[in-house]
Visitor: 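Next up is a structure, given as structure tokens.
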Amino acid sequence: MSYDPVESAAKGATEGFLNWGTDLIKKFASKFKDKELAFIQDEKTIKRVKDQYRSGELAFYKEYINDMEMLFLLKMGLTLRSLEKDKEIDRKQNLRSKIFNKYEVKGLHIAQFVENGILNRYIGILEF
């Protein structure tokens, strides 16, 4: 059994390239899948938004709201509330700015409406 440094180097470079390529493809696929969230540009905040997909409050809203953009803004509002609760003020302000830049004042107001719990209270009043 002989040690061939050229073969070893080639094998290592190939494995490294394949691993790098796999990671790059995973990141690209994730960005493609999350194109709706791409404007946020902060991985931790995007993860927080994805966590809101499983919230009971959002499930409740989905039963009554069919407009996908409106549901997305509701998710943004739930995320803002979550960031406030965890004292992540910089991230919260950054997300507010991104919402404003993409959806203008109307979108930001809808998100803040949810963030502050006003939509919950309003729905609660309607049900009684």
Side-chain angles (χ1 to χ4, degrees):
M1 190 152 126
S2 66
Y3 175 72
D4 183 5
V6 175
E7 180 183 340
S8 177
K11 183 179 178 183
T14 302
E15 286 178 5
F17 178 74
L18 290 175
N19 290 339
W20 173 78
T22 302
D23 291 342
L24 188 63
I25 290 170
K26 284 180 184 177
K27 284 183 181 179
F28 181 72
S30 176
K31 284 183 181 181
F32 182 74
K33 181 181 171 189
D34 299 332
K35 67 180 179 196
E36 186 178 58
L37 304 174
F39 78 98
I40 296 172
Q41 299 175 341
D42 179 26
E43 291 297 323
K44 289 183 179 181
T45 305
I46 290 173
K47 183 182 179 322
R48 186 72 64 100
V49 173
K50 287 180 182 179
D51 291 343
Q52 297 305 320
Y53 289 154
R54 294 178 293 279
S55 76
E57 189 172 348
L58 186 63
F60 176 77
Y61 294 145
K62 283 181 180 179
E63 292 204 19
Y64 298 101
I65 299 172
N66 295 324
D67 182 359
M68 295 307 284
E69 185 172 294
M70 183 67 68
L71 281 171
F72 183 75
L73 289 169
L74 295 178
K75 282 185 263 188
M76 293 293 109
L78 293 171
T79 304
L80 287 170
R81 185 188 310 159
S82 172
L83 291 169
E84 175 75 27
K85 184 174 69 172
D86 293 341
K87 307 283 192 243
E88 296 187 50
I89 305 303
D90 291 339
R91 232 183 218 103
K92 178 182 170 187
Q93 189 57 40
N94 185 28
L95 182 57
R96 277 187 175 166
S97 298
K98 302 278 174 126
I99 294 168
F100 178 78
N101 290 339
K102 183 163 179 142
Y103 296 99
E104 300 175 348
V105 173
K106 180 181 175 184
L108 182 58
H109 284 176
I110 292 168
Q112 289 177 324
F113 194 68
V114 174
E115 173 193 3
N116 295 323
I118 297 170
L119 183 58
N120 282 344
R121 284 183 248 149
Y122 181 71
I123 291 173
I125 291 169
L126 291 176
E127 289 186 357
F128 288 112

Visitor: Can you list everything that forms a side chain to side chain contact (heavy atoms under 4.5 Å, CB included) with S97? Sequence neighbours excluded, please.
Guide: Q93
Visitor: Between L71 and I65, which heavy-atom pair has the shortest distance, and what is it?
Guide: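 Answer, listing the atom of L71 first, then I65: CD1-O, 3.5 Å.
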Visitor: Going from CD1 on I125 to CG on N120, what distance comes out if it is rounded to the nearest 0.5 angstrom?
Guide: 11.0 Å
Visitor: What's the shortest heavy-atom distance between A111 and L80, and which atoms?
Guide: CB-CD1, 4.0 Å
Visitor: Let me see the working for I110 and Y103 under side-chain contact (heavy atoms from CB on, under 4.5 Å), right down to the final yes or no.
Guide: CA-CA 10 Å; I110 292 168; Y103 296 99; over 6 Å; no
Visitor: What are the two closest non-hydrogen atoms of S55 and L78, and how far apart are they?
Guide: OG-CD1, 3.7 Å
Visitor: Decide whether I46 and M68 are clustered together by the hydrophobic rule: side chain heavy atoms of Ile, Leu, Val, Met, Phe, Trp, Tyr closer than 4.5 Å, transitively.
Guide: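 Same hydrophobic cluster.
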Visitor: Drop me the distance from H109's NE2 to F100's CZ, to the nearest 0.5 angstrom.
Guide: 8.5 Å
Visitor: Which residues satisfy the side-chain hydrogen bond (donor to acceptor under 3.5 Å, both in side chains) test with T45, sequence neighbours excluded?
Guide: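 If we apply the side-chain hydrogen bond (donor to acceptor under 3.5 Å, both in side chains) test to T45, skipping adjacent residues, the hits are D42, R91.
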Visitor: Drop me the distance from I40's CD1 to K47's NZ, to the nearest 0.5 angstrom.
Guide: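 So the gap between those two atoms works out to 13.5 Å.
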Visitor: Between R48 and E88, is the closest basic N to carboxylate O distance under 4.0 Å?
Guide: yes
Visitor: Identify, with sequence neighbours excluded, every residue that meets side chain to side chain contact (heavy atoms under 4.5 Å, CB included) alongside N94.
Guide: K98
Visitor: To check you understand the geometry: which heavy-atom pair defines the closest contact between L83 and L95, and what is its length?
Guide: CD1-CD2, 4.1 Å
Visitor: Check the hydrophobic clustering (I, L, V, M, F, W, Y; side-chain heavy atoms under 4.5 Å; chains of links allowed) and say if Y64 and I118 are grouped together.
Guide: yes
Visitor: Test I99 against L73 for side-chain contact (heavy atoms from CB on, under 4.5 Å), laying out the working first.
Guide: CA-CA 8 Å; I99 294 168; L73 289 169; 4.3 Å; yes
Visitor: By side-chain hydrogen bond (donor to acceptor under 3.5 Å, both in side chains), which residues pair with R96, not counting sequence neighbours?
Guide: E115
Visitor: To the nearest 0.5 Å, how far apart are CG in L58 and CG in D51?
Guide: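 Those atoms lie 12.0 Å apart.
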Visitor: By side-chain hydrogen bond (donor to acceptor under 3.5 Å, both in side chains), which residues pair with R121, not counting sequence neighbours?
Guide: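 Partners of R121 by the side-chain hydrogen bond (donor to acceptor under 3.5 Å, both in side chains) criterion come out as none, since no residue qualifies.
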Visitor: Tell me the salt bridge (Lys or Arg N to Asp or Glu O under 4.0 Å) pairs involving residues 55-76, sequence neighbours left out?
Guide: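 Salt bridge (Lys or Arg N to Asp or Glu O under 4.0 Å) check on residues 55-76 returns E57-R81.
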